[in-house]
Every structure is written in structure tokens, then in C-alpha cells.
Amino acid sequence: MPMEKTFDAAEAEQRLYEAWEKAGCFTAGANASRPETFCIMIPPPNVTGSLHMGHAFNNTLQDILVRWHRMRGFDTLWQPGQDHAGIATQMVVERQLAKEGNPGRREMGREKFLEKVWDWKGQSGGTIVNQLKRLGASCDWSRNAFTMSGAPGAPEGEDGNFHDAVIKVFVDMYNNGLIYRGKRLVNWDPHFETAISDLEVENIEVPGHMWHFKYPLAGGETYTYVEKDENGTVILEEERDYISIATTRPETMLGDGAVAVHPSDERYAPIVGKLCEIPVGPKEHRRLIPIITDDYPDPAFGSGAVKITGAHDFNDYGVAQRNGIPKYRLMDTRAHLREDGAPYADCARQAQAILGGAEASEAEIDAINLVPDHLRGLDRFEARKRVIDEITAEMLAVMTRADDPRLGKAALEPGAEGADALVPLVEAKPIMQPFGDRSKQVIEPMLTDQWFVDTQKIVGPALDAVRKGMAAQEAGAFDETAGYTRILPERDAKTYFHWLENIEPWCISRQLWWGHQIPVWYGLDLDASHFADDEGDNALDDVELYRLLNEGFVQRGARHHCAADFETVTAQFQDVLAGLPAPLHAMRVVEVSGRTAAEEVLAESLADYNLSQDPTRLVYPIWRDPDVLDTWFSSGLWPIGTLGWPETTPELAKYFPTDVLITGFDIIFFWVARMMMMQLAVVDQIPFHTVYVHALVRDEKGKKMSKSLGNVLDPLELIDEYGADAVRFTLTAMAAMGRDLKLSTSRIAGYRNFGTKIWNATRFAEMNGVFQGYAPTGDIPAPGETVNKWIVGEVARVREAVDEALAAYRFNDAANALYAFVWGKVCDWYVEFSKPLLMDGTEAQKAETRATMAWVIDQCLILLHPIMPYITEELWGTTADRRKMLVHADWPAYGVDLIDAGADREMNWVIALIEEIRSARAQMNVPAGAKIAMLYTELDEAGKTAWARNEAMIQRMARIESLTEAKTLPKGCVTIAVEGGAFALPLEGIIDVAEEKARLEKTLSKLEKDLKGLEGRLKNPKFVESAPEDVVEETKDLAAAKTEEAAKLRVALERLAELA
RNA sequence: GGGCGGUUAGCUCAGCGGUAGAGCACUACGUUGACAUCGUAGGGGUCACUGGUUCGAUCCCAGUACCGCCCA
């Protein structure tokens, strides 16, 4: 039964993938035949996610490397898995609960909610896996990992020890002083009420406003404000009793701690060190703040003076830190203005006292609520309006003419009616605003207590490893086993260095429920060092107990201990308790839900003791930190965690450190750098020796694909339409290192056609008996026919090119080399050349050609398989009974020694001759079907041999009837000049003399132009002296060949002239 | 404002010291016993600009212009 005309991808893909999986083709170590291992860790997609173009690209490249190594016999593991995507997953589940009319997360409670999340994970966690399978990804799915596996509450089937690994690392790092708790500014998402990472913040330029306000100097003081232009000429001089401030966020004025100017700014020199008044809030409690100097303010921007709100702006935070300015928090977790704490009057007084030099702890400052009573509880944007209105009403806004262009759309036409009226200066200008990428809310920088990794302490080895790796790479001496890491392309190593050299502490706590809960427990502070029992008997009476409770436990903060489980942490608390006076030294540690509960339980316990005097009933309540760890903290452990660490599994021993990480440039900071730091900190080894960083897949116009733009290409739809192979080949062919790829469907269609091409070449072979009784031996054919010798050499050439390209991660070079070979060499020439042999040859010729063609097609399938796995596997199965599937076929190792130089030269001559004849015919409008005679006036020995051996092919492909020698050419000939030969097509009657003349002249003029350049070089003695010898030789040969060809054309032109 | 990158055929992009390439698109011809998801032939480029290094520059260096991306 003849083959179909095209490959039915939709029908075959699933069948083939199932066959691979069923045969265990992808399991770790499958097809291994040598000791070397090759391991790639998949960048874990979100468990909530679905396949987008970036995944398709990323995983195609990984699959190519994996399949290539597996076929070469490496002990190969492609480790798949997903991460739990804390915020995204929690959001999806909450939305779903709301949609189904269920109670919300908080009503439901943590445990119940997490059950729902696990349920949901069970239902849809497999989506991305199935999508990766459709792409053809040859991961070892039996090892599929998940960053939450083994967490408390994980259902059956979600075991595994990733959770243990994460917790162990936290505890170890904590014990080594690498993790600490602190109050720092973080990105706060008011919708999800959690800290989020920089990665989850999108800075978007939006139309915004900049308000200009006057901060009056304390006590009505005045100074002379002088403004000069760049030449030093005074352009403004006036007495002022205020300093002018510009802000895009007026509501944060309430928390200002200072006004800063640049030390070099002469305009404000007279008032530096003085106090000014924040122009908002009740008049009687206006807060005064100092005017300070700092390098941060840009004298050229706005007024040059910057208000400093340390608790709500990242730059201000730095200024406040440097200058000891208190950082007053204004908002609650929903970004509403605070309602807690003492009345405003008290708080303002406290703040003023601090300004006057009063000591205050971080916690005490945080307790101060500087929101005026009437603004408390307002949403931040509502509060902004109110603040603006109040300041404006008080005439403390900076004013300008109503036609000031800075007002933007609100400005009147210049000179229009009312243009000279004064209005508040509110500049309309684009501002960069941070948005939560999930919540789409404006992110609020917020001063909160969080857990941090002290990255400064672990960054060194991560920097060193890549510095060494890049140095080796540059020196061309890269060694995969040397324990260093290179980043390709080099540019991305710069990004890595830049980020790590300026690294900030890493905030790893998230105020979420879905994630690894931080293994830290808190207890009320029992430090009794300041406490003296009245009798000095080291035992407490009731009065002392009460005092200790009231003054100590409750007033003071909490203490915490870190351990992997409650038992261990209990022991740690008990060690501390043991130092307390009796009866407290033997309190039983119990777990409660939080601090409030702890205070209650402790009070109850003491009250109970009061009555019972039974010390065994005394309990000491502790509560666990409710926060979870940043998802990146767990995915930072991906390389060791997926291999079973902290257990010493055989996989860990075998595959770690892994080999290559393939990932997008957008997560170099967030993931690559962190994996480097974490692996080095935890197991003191690099996680991989090579990081290949690829760019973004954009739409065909170069726009980033986004749902809101509607320009998203869905890889699954593309696979449906064109087949996975076409999508994969397209992505591969466009994967030039470090460049974005702009994807268009016409390109994919083009590569789908490529698949059809190889399909039909195979179909031709099959129809001509090439595979009849074909029993592949793996032996390289040693044919006698020139054309067969030639194609064997071409196969060897492309094999080297492909291996070289893949070894250098030049995926596009590999794809393009294969495309050019399969289509341009095999289909365009070899198949055509083979026709006379297969159809009219001797039995020996037929047999030899069949054997060669079978081998050639096998090689095409093998070499193409890593890029186009499906169609190649299908053809492999169609054409013969094989010992192994193609996915496990042996990758060839033959080299260019298979090239027969003579055959190569001869076939290139034949091809050139055919092309010349075809070109001449087409230009002379000879009907394509017409068979014509050909003459030659000269033909060297090589040419004669070549003609003799390939006559049938040339005649067939160039539609030539005969070849005869001619001493003189008849009138009306078309001339064809090739190396060592001058041919002519006698076309009297058909030929247009003028056209032939034009054709020859055009060719000749191009030749002459080339010759001029070549000869110019050769005549230059410095060229001959300084250029490499082979370049000079090459130039000479080329010049000679061109001279010869030009001579032939001139003869032809003379002949034409006689004719005319 | 700082950093990184780009500017090569109509489009999308390779190349990178020594004859300017590919795919797609375009034009003409073609049912040649694998393929019209095809074949054959063809048109199309002062390799952004200005200097420099070199025997030789699209390629290396410096500057200019424009366009991206990241970070402020």
C-alpha cells in the first residue's frame, strides 16, 4: 500500500507519544550506553499554568538537547515538575470559590482552604503536563516533581520530600545566621495583603500628576530664594517663608520625616538644618520636620527639594536610613489609612518628642499613627484627594497661570480669557507606577516585619563560579566538570553580575496560606534578667507572678525559635524556660493560633495556678509564624530538591550537578541567581555548568505577546493546525542566541511544508523499492556510483555541522543546516539524480542506489529527530522493521573523511552545468518541456569523464537530447560556460539575439566587476605579503577561473556580433 | 537619568575581517512517473550615518541618529 501524500500529524502525534512512554523511552538512563550523564532540570511551570509560546520555545530547546544526548548514549535525565505558585494559585482557588458561591478563604479557615487548593491541584495540575507532552517533550514523567510535595495536609499521591528539603534549608540557613527577621520596606500588594517579589511587580507608565506644595518654615522664618540659569545669571529672587515640594503621592505627606535637598544646592543652603511644617492635618498639631541634605535629591528635578517618607518609598527609605529619620507607617494591609493606635494628637506629640531627641524603638515608631483622625480608615486614593483639597484650601499649593502648559489638558489656551488667573500647579505628566502583576493593584511600598535571606553572605560563591566559568569560556578552555558555570550568551552574564553585585536582602516571607509555612514559633518574651523576685528565693509568689505577666510577657515583644517541627522547637523553648524561677521553669509548651490566644492562655494558666497551686498545670503557649515562604525560595532548591535531597539518593549522586539550564532572560535574577546561591550555600556545589538564556517570543510585529493586546499565539492551536514538528522546527530555526524571535504563522507553514518534503522524498524511495527487504545494519554504504559517493559525503558534512551547532547551543544553525541539506541537497538533487539509476540502471546500480538512498534517508531521520520527533519516528517505523525506535537510534559519529573529493568535484560540476543550462533556457524562453541538442567547443578531460558518467542525469534534468562536439558553432547559439568546458545550445529561430547579448553582457559585467576587485587585491604587494597564504591562493584561483569564464563569454559575444 | 542591545533584500532575520546569505513575500514559466504543503528561472541590498585601525571593514574601535529592553 503506497504511503499517504502527507503526514497526518493530528492522528500520529498522540499515538507516537504513547508508544514512547509505554516503552519507557524517556525514563532516566534509557538508551544509556556510556558512562557520561546528561541532566536537565525543567524550569518548573506554575501548577496553575497552561502552555504559552515561551514554554513551547523553552521546552523545545531542552528537548532537542535531551533527545540528542539520549541518542548519543548518554545516561540522560530530563527532570520535569511544577512549582506551587503561591500567589497565583491562591488567587485562582479563591476566585473559583467565589464563583461557586462558597464561603471565602478567611471564613473557611486555613486548613479547609488548603484542602480546596489541593483538590484543585489534583484536578488541573496535569494540564501543563499534557500540554508539554503534545509538544513532544521527552521528560521522565515518572519522576514528575512538585515544590509542595510532602507538605503537611498533602493528599495521597502528593508525597515526596520537597517540603522536607525546603524546611531543612530554612532551618539550616537560620541556624547559620543566613536568615533573619527584620523590618524593611517591601512591595506590598493591598489586594492579596502580602509582600510580593520584584518579579511580580510591573512598572507601567501611566498618566499621572505632580502636585507642588509649600512647606512653611517653622516660626514664620524667611529666607532669600535665588534661582540662576546655567550661565549664573539670576532669573528669580524673592523672599520666601516656605520650601516648595513636588510629589506624585500627596497622601504620603502625613508620614514625612524630613525634607531633603542636595548638599550642593545653593538655593536652599540658608535653610538647611531648620525646621519646616507639614502643611496638612489639624492646625494645632502641625508636625515639624527638619530640612536635611542628602545626595539623593536631583537639584534639576522639580523644586530640587524632596519630602522623605521612609515607610512608603524605596528611595526615601534609603535617605531615612542614612540620616536617622524615623519611618512612619501610614497604611494598613489593605492600603487604607491606619485606624489603629492612639489619637492623632497623642501620636503627633510623640513624633515631635522623637524629633526633639526622645529615644524610640522601631516597634514604638511603628505604633505611632500619624494619620489625622478625620482621615483614618480612608482608602489611600480617597485620602489623597482630601489631602490635596485641604492644602489647597489653606492656600499652600504652589500657584501658576491658568495657561501654564505644564497643566496638560487642564491648561487654558495661551492668552485665553482667564489665562492670567492663578490656579494650583498640578503638572500632568506620565509617571512610572508599580502594579501587582496578578492583582493589577498599585503596589504600596510598605514597612513590615518580614523574613530575609542575608544574600550578602551567600552571594560570593555564586559570583565566583560564574566569573571563573566566563573566564574559561572566553579562553576557549571551558570544562564542564570544573565546578564553575558559564552563562550563554555572554551578555546575560553581565546582567547576572550586575544584579548580584548590587544584591539586596531577599524577602522570603509571604502573607499567604498556600506555600511552605515558615518553621518558626513565637512565644511571649520570658527573659527574666531584669526581674528580681522580692525574696530572692528563686521562686515566685502570686504578686511576682502577676507583675511578671503584666510587665514582662505582655509588654515586651516575642521571642522566636526555628526548627523543623514542633517537638524540636518545644525543646528549644524549654531550654529557655529552664532559666526561669520556679514554678515557671517547668511550664509545659503548648501550641496556640497566635499572640492574642497566647496571652489569653497564659493568663488563664496563671490564674488557674493561683487557685490550684499545681505547677504541672502551667502551660507556656507558643504560636507558629502564619506566613509562608516565597515560591522562589522553594524553586531555588529545584536542582537538589527534585533529586531527593536531603536524602542521599542514587539520582542525586548520579545526576547532580546537572548539566544545562535553559531559561528565559526574564528570570535570571529571580531564579538562576537564586539557584546558584542556594545550591552553593546548601550543598556547596554549582547546580549546572551551563546556563543557556533565550529571549522572548514576540508576535510578528515584535510586540510582546499579551492577553490584553490579543496578539497571543497559542502553541496548542498552532500544533493543532501545523503539527508539533512544524512549531518546534520554527522555534528552533529562529533561536539565534540572544535575539527575540518574532513569530508568524507563515513561517510555521513553511516548515510544515519542509516536513511534507521529507515525507514525500521517503514516499518516492518507498515507491521505488528502496525499502523492499530493507534490513538496516547501520553500516555506512561504500558505493561505486559518483552520485552515491557524493551524497554519502554530504551526509557526513551535515552530521558534523549539526553536532558542532548543537554543542555550541547554536540551535538555529543546526536547524538551518538540516533544512538546507534535506531540501537543497537530498530532495533537489540526489532524488532527481537517482531516478535514471533506479529506473533504468543495471541491477547492480539499482541495488547500490537503493541501499545508499535507504541509508541517506535514515540519516536524515536520525539527524532531524531531536527537532522534529514525530514525523521522523513515523517514517522510521514505516520504512523498516527496526530493532529500536528512532528515539533510541544510535546517533552517527562518521566524519568528513567520508567525503570523496573527486565525487564532490564532479557532482558540483554537473550541478553547475545543469543550472547554467536551465538558466539560459529560461531566459531564452525555451519551452520548459522541449528537449534540445547541445554542442561543445571545448571540454577538458575531467569534463568529458563527468559528462560520460552523468549523461543520463544531465540530459534528464536539463532537458538535453544530445551532446556533440563542434569545431565551429552554427548561427544563433546560446553560450554556456563552465569550468573546463564551453557549451552551446543551437537555438536558431528561437533565440532572440538581442536578449542573448544582454544576458551575456550582464553576466560578463558582473564577472569583470568581481575580477577587478580580485586583481586589485593581487596587484597590491602588501596584500600578497600580509594576507594568509591560503587566502592569496584562493584569490588567485578564483581570479583564474573568472578570467577563463570571461574569455568564453567574450568569444560568444563576438560571435553574436557577427550574427547581427 | 543609568545600563544593555539593535539598525543587513519588501517582511522576519542569519552572518561577522578576505566573492553579501536564508525563509517568507514578489514576478514569469511549468499537470517533467515523491511532493502544487510542489518544481524551474528571476528581480531585489552605497550591510543606518561619520570618522579611525588594517593590505583589506557589513564585521574591530570611536562618535552621531533612530528604535527596543531592563533599572531608576
Side-chain angles (χ1 to χ4, degrees), chain A residues 2-3 5-7 198 203 296 298 300-301 314-315 432 489 491-492 494-495 498-499 502 665-666 668-669 695-696 698 700-704 722-723 726 730 733-768 810 812-813 815-816 819-820 823-824 827-828 831-832 834-835 838-839 914-915 918-931 956-959 1006-1007 1009-1011 1013-1014 1016-1028 1030-1032 1034-1035 1038-1039 1041-1042:
Chain A
M3 288 166 61
K5 279 195 174 184
T6 52
F7 172 57
D198 296 352
N203 288 299
Y296 163 63
D298 174 1
F301 189 79
F314 284 97
N315 290 311
M432 288 299 272
R491 182 195 345 137
D492 291 289
K494 284 189 195 164
T495 316
H498 182 258
W499 192 70
N502 298 288
F665 75 97
D666 46 344
I668 293 175
F669 310 145
L696 231 55
R698 297 173 180 278
E700 54 193 314
K701 298 200 181 69
K703 286 243 165 55
K704 199 169 167 173
Y722 301 101
T730 309
M734 295 180 78
M737 224 189 267
R739 289 280 298 239
D740 286 350
L741 46 140
K742 299 181 193 168
L743 198 61
S744 75
T745 50
S746 68
R747 196 79 192 251
I748 304 171
Y751 290 120
R752 188 247 347 247
N753 298 352
F754 174 62
T756 306
K757 192 73 183 173
I758 175 107
W759 180 270
N760 278 289
T762 310
R763 181 167 177 265
F764 164 83
E766 194 255 358
M767 287 165 75
N768 284 279
R810 302 180 65 102
N812 57 320
D813 284 355
N816 291 327
Y819 187 99
W823 201 315
C827 296
D828 284 350
V831 167
E832 294 303 327
S834 76
K835 285 177 182 172
L838 288 174
M839 289 157 192
I914 293 170
E915 284 181 333
R918 281 173 170 175
S919 177
R921 288 173 58 119
Q923 285 177 67
M924 290 305 109
N925 299 314
V926 179
K931 291 201 163 192
R956 179 189 171 84
M957 293 177 72
R959 307 242 116 201
K1006 185 168 180 305
L1007 272 176
K1009 193 183 144 216
D1010 291 350
L1011 264 174
L1014 291 169
R1017 258 193 278 164
L1018 287 167
K1019 272 183 203 148
N1020 184 341
K1022 282 192 176 166
F1023 171 72
V1024 184
E1025 256 169 57
S1026 28
D1030 55 328
V1031 172
V1032 178
E1034 212 176 294
T1035 312
L1038 203 59
K1042 296 217 182 228

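In this text, all values refer to a predicted model and were calculated from it rather than measured experimentally. FYI, side chains are in, hydrogens and waters are out, and symmetry mates aren't considered; it's all heavy atoms of this structure.
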Next item on the list: Tell me whether the OP1 or OP2 atom of B:C35 has a side-chain N or O from A:K5 closer than 4.0 Å.
Entry: yes

Margin query: Could you measure the distance from the NZ atom of A:K1042 to the NZ atom of A:K1009? Nearest 0.5 Å is fine.
Written below: 10.5 Å

Note to self: Please tell me if A:W823 has a side-chain N or O lying less than 4.0 Å from either OP1 or OP2 of B:G39.
What the structure shows: yes

Next item on the list: Look at A:N753 and B:C38 and indicate whether a side-chain polar atom (N or O) is within less than 4.0 Å of OP1 or OP2.
Entry: yes

Notebook entry, point to check: Looking at B:C55, B:U19, B:A34, which one has an atom nearest to any side-chain atom of A:S1026?
Noted result: B:C55

Note to self: Give me the stems containing RNA chain B, sorted by first residue, counting only three or more consecutive Watson-Crick or G-U pairs with both distances under 3.5 Å; say none if there aren't any.
What the structure shows: B:1-7 with B:65-71, B:10-13 with B:21-24, B:26-30 with B:38-42, B:48-52 with B:60-64

Next item on the list: Measure from the side-chain heavy atoms of A:A761 and tell me the nearest of B:U40, B:A34, B:G18.
Entry: B:A34

Note to self: Counting only side-chain heavy atoms from C-beta out, which of B:C4, B:A34, B:A14 sits nearest to A:N812?
What the structure shows: B:A14

Can you give each donor-acceptor pair under 3.5 Å made by side-chain atoms of residues 1017-1026 of chain A, sequence neighbours left out, with the distance rounded to 0.1 Å?
| from | atom 1 | to | atom 2 | distance (Å) |
| --- | --- | --- | --- | --- |
| A:N1020 | OD1 | A:K1022 | N | 2.9 |
| A:S1026 | OG | A:K1022 | O | 2.3 |

Check: Given atom OH of A:Y819 and atom C1' of B:C13, what is their separation to the nearest angstrom?
Finding: 14 Å

Next item on the list: For A:R959, check side-chain hydrogen bond (donor to acceptor under 3.5 Å, both in side chains) against everything at least two apart and list the hits.
Entry: none

Note to self: As a test of reading the structure: which of B:C24, B:U19, B:C35 is closest to the side chain of A:S746, going by heavy atoms?
What the structure shows: B:C24

Check: Any side-chain N or O of A:K1006 under 4.0 Å from OP1/OP2 of B:U19?
Finding: no

Check: Looking across every strand, which nucleic acid part, if any, lies under 4.0 Å from A:N1020 by heavy atom: base, sugar-phosphate, or nothing?
Finding: sugar-phosphate

Checklist line | With sequence neighbours excluded, residues passing side-chain contact (heavy atoms from CB on, under 4.5 Å) with A:T6 | finding: A:T756

Margin query: Counting primed atoms plus P, OP1 and OP2 as sugar-phosphate and everything else as base, spell out the protein contacts along nucleotides 28-33 of chain B at 4.0 Å heavy-atom distance: B, S or - for each nucleotide, 5' to 3'.
Written below: ----S-

Check: Aromatic rings A:W759 and A:F7: how do their planes relate, parallel, tilted or perpendicular, breaks at 30° and 60°?
Finding: tilted

Notebook entry, point to check: Roughly, in whole Å, what's the span from NZ in A:K1022 to C1' in B:A57?
Noted result: 17 Å

Next item on the list: Mind calculating the distance between CD (A:E1034) and C1' (B:G18) to the nearest angstrom?
Entry: 8 Å

Mind listing the N/O atom pairs, protein and nucleotides 41-43 of chain B, below 3.5 Å?
| from | atom 1 | to | atom 2 | distance (Å) |
| --- | --- | --- | --- | --- |
| B:G42 | OP1 | A:S919 | OG | 3.0 |
| B:G43 | OP1 | A:K1002 | NZ | 2.2 |

Check: Which nucleotide in the list B:G18, B:C4, B:U12 gets nearest to the side chain of A:A1027?
Finding: B:G18

